[in-house]
K.L.:
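The structure is given below, and queries will be raised subsequently.
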Protein chains: 2
Amino acid sequence: MAEPKGETAADRAYRILRSAILSGRLPTDRKVTEAGLAEMLDLSRTPVRNAVGRLLIEGLLQRRKGSGLWCILPTRDEIRTIFDIRARLESYAAARAAEFATPLQRAELVASAARMALLVDEMLSDPHADVVPRIDAENALFHCKIVEAAHARRLELLLQSTIDVNLVTLTLQAYGTEQRMRSASHHHEIAVAIAGGMVELAGKAMEVHILSAASFVLTDPQADHPAPRQGKMPVRPG
Amino acid sequence: MAEPKGETAADRAYRILRSAILSGRLPTDRKVTEAGLAEMLDLSRTPVRNAVGRLLIEGLLQRRKGSGLWCILPTRDEIRTIFDIRARLESYAAARAAEFATPLQRAELVASAARMALLVDEMLSDPHADVVPRIDAENALFHCKIVEAAHARRLELLLQSTIDVNLVTLTLQAYGTEQRMRSASHHHEIAVAIAGGMVELAGKAMEVHILSAASFVLTDPQADHPAPRQGKMPVRPG
DNA sequence: TGCCTAAAAAATGTATCCAATTTCGCGACG
DNA sequence: CGTCGCGAAATTGGATACATTTTTTAGGCA
């Protein structure tokens, strides 16, 4: 998951910088520079510029003309907006999946939902086991497979820059037993709807799934910012 | 509109290449290379690589591992998908605008809709006048102002890469008198809804506006691909 | 003391060179 | 005659040097 082999230096810079910004390891109260980031990552400016370009497009960085880059952490309102956008785009993806998914994809979605249910059971029966990362991975896989099954490259590209693993993980970390069970139940409903070709239901079920997560995260007092840290922290190149 | 002064070489390359791809001036049946594009534009590979990177993210270019770039023209199905996505994102933008727009922005939207009505009148009374480009411009301005008034940077970024002026212009070119009148009417309805803070109505009216355009474009036998040309055509650097 | 100007410092944008990876063609061998 | 393999060519990725633009600061003059 961390460092794919065929990854270019630019990809690596992008992955590390994006994670560093969203987890608050880069300062938001002062400028950073391409040269500085390059030194930090032990790279030349070329791949860093590539990564910075993508982050500018995603809005996680902003350029103040001649005066450095500034990291932009999404505010609570912006996180709300991101969930709203996800609800609209992913429900469209689910609806399309119900219409266009291959038989194999439908089966895989049902299987993923089943695995998720098992994982939640495991969590309930043995709270000490380290199942949470596996739940996170299964969740990511499920959403990813739906977008693939929608057969809409445009949708993939848009969601890719909207859904960030850091934000999703943040969401899931805020989840408790109750919410995880409900979430697993949602996955089952969505998978069955898609497998059965029920376009409307699949879309609406996904909408509920996402907005439910949003409402939970945003009403939880702890889940404010992703690590609203201030001081400068080193980002290790590895 | 064409060439902003403070534009960098990379921006220029991006603008020209994107337009060249969508208008069919670059071949889709054989590879193009960064070096080739650079020579075409009379630039070094550096700014071209920047532009190519953005186009790869947008999906208008695709990289076949070691062997050149390929231009990807949206198929009819993909255009349909783009309209669906626009309907969902722009209706969200309109709803947000109805909630968050400043008084000035509300007034400007109403004014834009009024100007559009005047332009359509002008077109009706004097079919020979060259009002069509002005109508296109007013239309672009209207949609742009709504997205701004939504006060959601994320939405701006996503729509920016989804809405392409070439596709919109293509749509409008397919429009006749009847459709233009209806479109102007839509603009008025949307502007009034936003100005009056009617969140639901604004969103739904925008949805109708976009899907109506989609249904018209996609049922029109002439509006198939954007210039499905095959042979190689030069792209002038200017 | 305050402001204008100009020089220097900083940051980004561009060009060019080199390295690494992949492709394709050619030839030899089975 | 087909296939394997090696090498040359093509293409992209990364580093560095240079140009351009903007900011900041130092200094002089009112």
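Lettering of chains follows the sequences in order, A, B, ..., and the numbering in each one begins at 1. Predicted model only: the values in this text are computed from it and were never measured.
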K.L.:
Please list, pair by pair, any protein nitrogen or oxygen found under 3.5 Å from a nitrogen or oxygen in nucleotides 13-16 of chain D.
P.N.:
| from | atom 1 | to | atom 2 | distance (Å) |
| --- | --- | --- | --- | --- |
| dG13(D) | OP2 | Arg63(B) | NH2 | 3.4 |
| dG13(D) | N7 | Arg45(B) | NH2 | 3.2 |
| dG13(D) | O6 | Arg45(B) | NH1 | 3.4 |
| dG14(D) | OP1 | Ala9(A) | N | 2.6 |
| dG14(D) | N7 | Arg49(B) | NH1 | 3.2 |
| dA15(D) | OP2 | Ser44(A) | N | 3.1 |
| dA15(D) | OP2 | Ser44(A) | OG | 2.7 |
| dA15(D) | O5' | Ser44(A) | OG | 3.4 |
| dA15(D) | N7 | Thr46(A) | OG1 | 2.6 |

K.L.:
Which parts of residues 51-59 of chain A get close to DNA chain C, meaning a heavy atom less than 4.0 angstrom away?
P.N.:
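Close to the strand, none.
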K.L.:
Is it true that the side chains of Arg18(A) and Tyr14(A) contain a donor and an acceptor less than 3.5 Å apart?
P.N.:
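On atom types as modelled, these side chains qualify, holding a pair under 3.5 Å.
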K.L.:
Excluding sequence neighbours, so at least two apart, what forms side chain to side chain donor-acceptor pair (under 3.5 Å) with Glu207(A)?
P.N.:
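For Glu207(A), no residue satisfies side chain to side chain donor-acceptor pair (under 3.5 Å) once neighbours in sequence are set aside.
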K.L.:
Would you please name every residue forming a salt bridge (charged side-chain N to carboxylate O under 4.0 Å, His left out) with Arg154(A), sequence neighbours left out?
P.N.:
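Here no residue qualifies.
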K.L.:
Tell me every residue that passes side chain to side chain donor-acceptor pair (under 3.5 Å) with Arg106(A), counting only those two or more places apart in sequence or in another chain.
P.N.:
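Partners of Arg106(A) by the side chain to side chain donor-acceptor pair (under 3.5 Å) criterion come out as none, since no residue qualifies.
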K.L.:
List in chain and number order the residues that pass side chain to side chain donor-acceptor pair (under 3.5 Å) with Thr102(B), two or more places apart in sequence or in another chain; answer none if no residue qualifies.
P.N.:
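Here the qualifying residues are Gln105(B).
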K.L.:
Between dA10(D), dT12(C), dA11(C), which nucleotide has the shortest distance from any of its atoms to the side chain of Leu69(A)?
P.N.:
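It is dT12(C).
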K.L.:
Take atom CD of Gln62(B) and atom P of dT11(D), then tell me their distance rounded to the nearest Å.
P.N.:
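Result: 18 Å.
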K.L.:
To the nearest angstrom, how far is Leu61(B) atom CG from dT11(D) atom P?
P.N.:
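Rounded to whole Å, this separation is 15 Å.
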K.L.:
Looking at residues at least two apart in the chain, or sitting in another chain, which of them share a salt bridge (charged side-chain N to carboxylate O under 4.0 Å, His left out) with Glu156(B)?
P.N.:
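In terms of salt bridge (charged side-chain N to carboxylate O under 4.0 Å, His left out), with neighbours along the sequence ignored, Glu156(B) is linked to no residue.
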K.L.:
Sort and list the pairs that fulfil salt bridge (Lys or Arg N to Asp or Glu O under 4.0 Å) and have at least one residue in residues 139-148 of chain B, not counting sequence neighbours.
P.N.:
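Checked against salt bridge (Lys or Arg N to Asp or Glu O under 4.0 Å) - neighbours excluded - the pairs reaching residues 139-148 of chain B are Glu108(B)-Lys145(B).
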K.L.:
Take the protein atom CG of Leu37(B) and the nucleotide atom C1' of dT12(D), then report the distance between them rounded to whole Å.
P.N.:
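For the pair Leu37(B) CG and dT12(D) C1', the rounded distance is 13 Å.
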K.L.:
Can a side chain N or O of Lys31(B) be found less than 4.0 Å away from OP1 or OP2 on dA10(D)?
P.N.:
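Answer no for this pair, as no side-chain N or O of Lys31(B) is under 4.0 Å from OP1 or OP2.
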K.L.:
Got a sec, which residues hit ring-ring contact (aromatic ring centres under 6.0 Å, His included) with His151(A), two or more places apart in sequence or on another chain?
P.N.:
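Expected list: none.
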K.L.:
Report the distance from atom CG of Leu41(B) to atom P of dT14(C), rounded to the nearest whole Å.
P.N.:
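Atom CG in Leu41(B) sits about 12 Å away from atom P in dT14(C).
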